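One structure is given below, encoded as structure tokens.
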Amino acid sequence: MVSLPDGSSRTLTLGSTAYDLALSIGSRLAKDALAVEVSGEQRDLSYELHDGDPVRIITGGSNEGREVIRHSTAHVLAQAVVSLWPGTKFAIGPFIADGFYYDFDLPGGAHFTDDDLGRIEARMREIIKENQPFVREEHTFDEGLSLFDDQPYKTEIIRGVRDASLSGDDLVKEIGLSTNEVSAYRNTESFVDLCRGPHVPATGRLGHFKLTRVAGAYWRGDEHRPQLQRIYGTAFESASALSDYLHRLDEAERRDHRKIGAELDLFHFPPEIGGGLPVFHPKGALIRQTMEDFSLSMHRQHGYQQVWTPHIAKSTLFETSGHLQWYAEGMYPPMEMEGATYYPKPMNCPMHILIYKDKQHSYRDLPLRFFEFGTVYRFERSGVLHGLTRVRGITQDDAHIFCAPDQLANELRTLLEFVLDLLRAFGLTEFEAELATRPEKFVGEQWEWDEATDALRSALESANIPFVVAEGEGAFYAPKIDVHVRDAIGRRWQLSTLQVDLQLPQRFDMSFVGADNVRHRPWMIHRALFGSVERFFGILLEHYAGNLPTWLAPVQVRILSVRDVHDSYADEVCRVLRARNIRVDVELADEPLGGRVRRAKLEKIPYVLVVGDADVSSGTVGVNARGSASPERDVAIDTFAERLEMEIAAKSGPDPS
RNA sequence: GCCCCCUUGGCGCAGUCGGCAGCGCGUUUCCAUGGUAAGGAAAAGGUCGUCGGUUCGAUUCCGACAGGGGGCUCCA
């Protein structure tokens, strides 16, 4: 007798397997079943059930089902590669968020090329067609070591599991083997792979897969260890689910901010300047300035004072701040000048601290909030640069708040509300936060950490957004909150960071005079809301697929005259709108209307106004809004302008399309 | 930095099994006067990323380098 998730139970004959159970419920379920969860542990369908087991059948459409499919497909990939490159050492092949990968060490140091993917896929399809069973084998550690004695990566894993098992470490679970023996899955006489399982019953259950790319990847992610050849792929339960996924990839490609940036003439990366150093063209600069202006006005409303600091400073400043000690590999190399050594600044905080320290502060001054669009330079290895989301010259919307310790909690609470308000104004509405707490190696006093962490936690609780605690993920000097957002197609981006700094005030010997007429140490909050202006710009372009809301659009309105006799009226409408600070341009009648409308649409301009005979005589315009199915005729100019002004003030519309 | 891929007019791409290169968009000019996603014609525009090698001859084959892209690592 076993129990099912719906509360019912079923009686089976002794020795029945999970597959027998599925079959007893329905032949359809038996056909869809891939694996089973028994007492919270995933098992194969061939698993023999025991009396009283709580059982849940795993089918293809679920996340767990897909994990099983992907993991099993990874094994097929490994078998295919081993058969095509005899002598290959294979490492690990897990499922990942949207697919799976497998890492290989090819004989003679060979490398995969893109062309190999097709050959490997073809071999995989043969293996699937053969409908090879996945047969689970359980071995002692010693048996495992001899079974895989020609597979050094496998034996390394087995030894790791054995040692962890002996020490009772959690690592055992992490690697995926949960008892003091090892399990393996055999597909054929010659192909067997170390694995926790579960797997689909046979390769015939697979087939909706695609290999996507090849990459180099270091064994265990350690660049000092051998570089392996990785193949990425994905797999689904059905052809339609696979094709939906491939469409989502196309959608992400369509939204790529680098592509949109080129199409809309917003920015580019001149090789003459250097990798990761963008230039913003007039339209891109306008968008960026609009973002920054709005941010600055919000900061002023929230009690921030704007400051300005230089781009380079003497090495002694970064010695005091500790950057040269802790962050040197992220810094640009130094410049020598008149006997002193200068560095481009990697962060703005030391300079803001110097502004604070220029005079003595009373508790009455606090909190002090210094804000700056500070451009910092960080050395990023060439391989990690990626459009605007990963650059070497970064403009942070950076501020440092200096407060008395008893002000911290309140300051963080209002700050977090501010963060969310600002992001919402940019159309981002789904937030998830991460609270990173004290790591094992830390500086400072335990009570300081506890107090700062509690203040961060209570800010999160009062902001009412979902958050997870990342135990031990904080920097060595401070706990922090990272705010993540989901964009229009559900991708997650890390944006804002709020960090309570317990160290810099001390390193710079900062102080304020308290009500007790004694000097105290202020606490400091680092915070950036966009994170980096460049990165945020790129994320917004992807979120909106280039269809920026009217307040951000570089050209808000384009006016088209129907025929050349309407040109002067078009100019007149342009003057009227421009006088109301609306960003508008005109394209006169030098080609047919359809072509000009099309071009304006491709430029993703929010409103296209068409003016012809009827409009000239009655002072109206035809309004073609981005995303609307049909244009609106005979709208009075003032009516349109007022509507537009309201929309700009509300930072809304028109709908993207 | 490491692995894989890419580099042909402003942009997107063909192509040359080695014999001095083609399309579409865009640009310019002329014609067309067109009420909502491409009107027509003509012209201009490329030392095929750079340097070296093989060859009678290289944009094509080989090598190095540079730039870009996808990953690894790291992070905003």
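Predicted model, so just to flag it, every value in this text is computed and none were measured.
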Of A76(B), G34(B), U36(B), the nucleotide closest to the side chain of Val562(A) is G34(B)
Reading RNA chain B 5' to 3', what string of ( ), [ ], | and . shows its pairs, if Watson-Crick and G-U wobble pairs count only when both distances fall under 3.5 Å? (((((((..((((.....[..)))).(((((.......))))).....(((((..]....))))))))))))....
Could I get a table of every N or O pair under 3.5 Å where one atom is in the protein and the other is in nucleotides 7-14 of chain B?
none

What I want to check is whether an N or O donor and acceptor connect the side chain of Glu603(A) with the base of A37(B) at under 3.5 Å. no
State which residues pass salt bridge (Lys or Arg N to Asp or Glu O under 4.0 Å) with Asp564(A); sequence neighbours excluded, sorted by chain then number. none
Search all heavy atoms of Ile157(A) against all heavy atoms of Ala91(A) and return the closest pair with its distance. CD1-O, 4.3 Å
Nearest-angstrom distance from the residue atom CG of Leu106(A) to P of C2(B): 19 Å
Test ring-ring contact (aromatic ring centres under 6.0 Å, His included) applied to Tyr153(A) - qualifying residues, sequence neighbours left out: Trp219(A)
Looking at Arg558(A) and Asp585(A), is there a salt bridge between them, counting it only when a charged N and a carboxylate O are closer than 4.0 Å? yes
Anything under 3.5 Å between a donor and an acceptor, one on a side chain of residues 475-485 of chain A, the other on a protein residue two or more places apart or in another chain? List them.
{"unit_1": "Tyr477(A)", "atom_1": "OH", "unit_2": "Gln499(A)", "atom_2": "OE1", "d": "3.2"}
{"unit_1": "Lys480(A)", "atom_1": "NZ", "unit_2": "Asp482(A)", "atom_2": "OD2", "d": "3.4"}
{"unit_1": "Asp482(A)", "atom_1": "OD1", "unit_2": "Gln494(A)", "atom_2": "NE2", "d": "3.2"}
{"unit_1": "Asp482(A)", "atom_1": "OD1", "unit_2": "Thr497(A)", "atom_2": "OG1", "d": "3.2"}
{"unit_1": "His484(A)", "atom_1": "ND1", "unit_2": "Arg492(A)", "atom_2": "NE", "d": "3.3"}

Determine whether any donor atom in the side chain of Arg596(A) lies under 3.5 Å from an acceptor atom in the base of U36(B), or the reverse, and answer yes or no. no
Do side-chain atoms of Arg254(A) reach the backbone of Ala545(A) as a donor and acceptor pair under 3.5 angstrom? no
Can you check whether any acceptor in the base of G1(B) is under 3.5 Å from a donor in the side chain of Tyr218(A), or vice versa? yes
Span that lies between the P atom of C6(B) and that of C62(B), in whole angstrom: 11 Å
Give Ala600(A) one of three labels, base, sugar-phosphate or nothing, depending on what nucleic acid heavy atoms sit under 4.0 Å from its own. nothing
Quiz question: going by heavy-atom distance under 3.5 Å, is there a donor-acceptor pair between the base of C25(B) and the side chain of Arg599(A)? no
Taking 4.0 Å as the cut-off, does a side-chain nitrogen or oxygen of His386(A) come that near to OP1 or OP2 on G70(B)? yes
Considering every strand and a 4.0 Å limit on heavy-atom distances, what is the contact class for Arg381(A): base, sugar-phosphate, or nothing? base
Kindly write out the residues that satisfy salt bridge (Lys or Arg N to Asp or Glu O under 4.0 Å) with Asp615(A), not counting sequence neighbours, or none if the list is empty. none
Rounded distance (Å) that lies between atom P of C72(B) and atom CZ of Phe104(A): 16 Å
Reckon Glu263(A) touches a base, only the sugar-phosphate, or nothing at all at heavy-atom distances under 4.0 Å? nothing
Please report the distance separating the C1' of G53(B) from the corresponding atom of A43(B), rounded so that it comes out in whole Å. 41 Å
On a whole-Å scale, what distance lies between the C1' atoms belonging to A41(B) and A32(B)? 10 Å
What does Tyr101(A) touch in the nucleic acid at a heavy-atom separation under 4.0 angstrom: a base, only the sugar-phosphate, or nothing? nothing
Give Gly612(A) one of three labels, base, sugar-phosphate or nothing, depending on what nucleic acid heavy atoms sit under 4.0 Å from its own. base
Sorted by chain and residue number, the salt bridge (Lys or Arg N to Asp or Glu O under 4.0 Å) partners of Lys89(A) (sequence neighbours excluded) come out as none
Nearest-Å distance for atom pair CG/P, residues Leu560(A) and A38(B): 14 Å
Nearest listed nucleotide, side chain of Arg535(A), among A37(B), A76(B), G1(B): A76(B)
Tell me whether the OP1 or OP2 atom of G69(B) has a side-chain N or O from Arg258(A) closer than 4.0 Å. yes
Donor-acceptor check, side chain of Thr88(A) to backbone of Val82(A), threshold 3.5 angstrom: yes or no? no
Under a 3.5 Å distance rule, please check whether Arg626(A) uses its side chain to pair with a backbone N or O of Pro654(A) as donor and acceptor. yes
C1' atom, C2(B) versus U16(B): distance in rounded Å? 34 Å
Minimum-distance nucleotide (side-chain atoms of Arg598(A) versus A32(B), A38(B), U36(B)): A38(B)
Consider the side chain of Asp564(A), meaning its heavy atoms from C-beta on, and name the nucleotide among A76(B), G34(B), G71(B) that approaches it most closely. G34(B)
By salt bridge (Lys or Arg N to Asp or Glu O under 4.0 Å), Arg258(A) pairs with (sequence neighbours left out) Asp256(A)
Just the table, please: protein N/O against nucleotides 4-6 of chain B N/O, every pair under 3.5 Å.
{"unit_1": "C4(B)", "atom_1": "OP1", "unit_2": "His111(A)", "atom_2": "ND1", "d": "2.6"}
{"unit_1": "C4(B)", "atom_1": "O2'", "unit_2": "Asp114(A)", "atom_2": "OD1", "d": "3.2"}
{"unit_1": "C5(B)", "atom_1": "O4'", "unit_2": "Asp114(A)", "atom_2": "OD2", "d": "3.4"}

Using a cut-off of 4.0 Å on non-hydrogen atoms, how would the nucleic acid contact of Gly595(A) be classed: base, sugar-phosphate, or nothing? sugar-phosphate
Taking only the C1' atom of each, what is the distance from C3(B) to U59(B) in whole angstrom? 28 Å
Applying ring-ring contact (aromatic ring centres under 6.0 Å, His included) to Tyr101(A) and not counting sequence neighbours gives Tyr232(A)
Determine the contact category for Val391(A): base if any of its heavy atoms lies under 4.0 Å from a base atom, sugar-phosphate if only primed atoms, P, OP1 or OP2 are that close, otherwise nothing. base
Expressed in whole Å, how much space separates the P atoms belonging to A14(B) and G1(B)? 29 Å
Counting any heavy atom closer than 4.0 Å, what does Asp256(A) reach on the DNA or RNA strands: base, sugar-phosphate only, or nothing? nothing
Taking only the P atom of each, what is the distance from G57(B) to G71(B) in whole angstrom? 43 Å
Does a side chain donor of either Thr437(A) or Glu473(A) reach within less than 3.5 Å of an acceptor in the other side chain? no
Where each residue is assigned the nucleotide of RNA chain B containing its nearest heavy atom, which of Gln227(A) and Gly274(A) is assigned the position nearer the 5′ end? Gln227(A)
Given Asp103(A), which of Arg230(A), Arg220(A), Lys154(A) fulfils the salt bridge (charged side-chain N to carboxylate O under 4.0 Å, His left out) condition? Arg230(A)
5′-ward residue of the pair Asp482(A)/Phe269(A) relative to RNA chain B: Phe269(A)
Per the under-4.0 Å heavy-atom filter, residues of residues 489-499 of chain A near RNA chain B come out as Gln494(A), Leu495(A)
Which residues pass the side-chain hydrogen bond (donor to acceptor under 3.5 Å, both in side chains) test with Thr234(A), not counting sequence neighbours? none
Please name the residue in the list Arg486(A), Lys259(A), Arg491(A) that meets the salt bridge (charged side-chain N to carboxylate O under 4.0 Å, His left out) test with Glu542(A). Arg491(A)
Does Leu541(A) reach the side chain of Leu266(A), with side-chain heavy atoms less than 4.5 Å apart? yes
Tell whether Asp615(A) reaches the base of G35(B) with its side chain through a donor-acceptor pair below 3.5 angstrom. yes
If the P atom of C17(B) is compared with that of U73(B), how far apart are they to the nearest Å? 43 Å
